[in-house]
J.: 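One structure is given below, represented as structure tokens, and several questions about it will come after.
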Amino acid sequence: MNKNIAPLYSPQHALLCDSLFELVQPSTNPEDGFSFQINDRCSLLAEHFPGFAVVPASLIINLVSSNLTQAKPLIRCEYSLENIRFNNAMVPHKHYRCEFKNQQLDKTLFSISDDSGVLYCRGLLTPILEVSDAA
């Protein structure tokens, strides 16, 4: 297998994603952010960089956008991604905090750091609203 090709994820991986993240300490105000840990027993991690379990970036962004949608419910909302930066690999056995900041004009800056303040990821999410097909 060519090591330069990213692995393809099947529908089974989407089901595994639900067991990959464990939300902890729900925020009293979901618009501020949320805390989570990575389940080291999730079988998806065994496939992504075997021997050094790293969470796929797409699943991290999906977690962030899903929690933002729950914090600010919108009908049929997707997000455009801007300036997403990963500074460090996100691995199990750490406690992470995702914070939502500077929410203005529906743009939300987010950052993910651990308990010691090390920054892992940051970026900007902008909602793209779709009109419902049902009348």
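This chain uses plain numbering: 1 for the first residue, then up along the sequence.
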J.: Find the distance between CD1 (Ile61) and OG (Ser66) and round it off to the nearest 0.5 Å.
T.: 11.0 Å

J.: Looking at every non-hydrogen atom in both residues, tell me the closest pair between Leu124 and Ile84 and how far apart they are.
T.: N-CD1, 4.0 Å

J.: Nearest 0.5 Å, please: how far is CZ in Arg122 from OG in Ser113?
T.: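 Going from OG on Ser113 over to CZ on Arg122, the span is 12.5 Å.
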
J.: Among all residues two or more places apart in sequence or in another chain, which pass the ring pair (Phe, Tyr, Trp, His ring centres under 6.0 Å) test with Phe110?
T.: none

J.: Among Phe34, Phe36, Tyr96, which one satisfies ring-ring contact (aromatic ring centres under 6.0 Å, His included) with Phe21?
T.: Phe36

J.: Give the minimum heavy-atom separation between Asp40 and Pro92, together with the two atoms involved.
T.: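 For Asp40 versus Pro92, the nearest heavy atoms are CB-CB, 3.5 Å.
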
J.: Would you name the heavy atoms of Arg97 and Gly33 that are closest together and state the gap between them?
T.: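 Where Arg97 meets Gly33 most closely, the heavy atoms are NH1-C, 3.4 Å.
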
J.: As an exercise, state the distance from NZ of Lys101 to OG1 of Thr108, rounded to the nearest 0.5 Å.
T.: 12.5 Å

J.: Within the side chain of Asn67, is there an N or O that forms a donor-acceptor pair under 3.5 Å with the backbone of Leu63?
T.: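 Present.
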
J.: How far apart are the closest heavy atoms of Ser111 and Leu119, and which atoms are they?
T.: CB-CD1, 3.9 Å

J.: Determine the minimum heavy-atom distance between Leu45 and Val54, stating which atoms define it.
T.: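 Answer, listing the atom of Leu45 first, then Val54: CD2-O, 3.9 Å.
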
J.: Closest approach of Ala89 and Tyr120, non-hydrogen atoms and distance?
T.: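 Taking Ala89 first and Tyr120 second, the nearest heavy atoms are O-CE2, 3.4 Å.
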
J.: Once rounded to the nearest 0.5 Å, what's the spacing between atom CD of Glu22 and atom NE2 of His95?
T.: 11.0 Å

J.: At what distance, to the nearest 0.5 angstrom, does SG of Cys121 lie from CG of Asn87?
T.: 8.0 Å

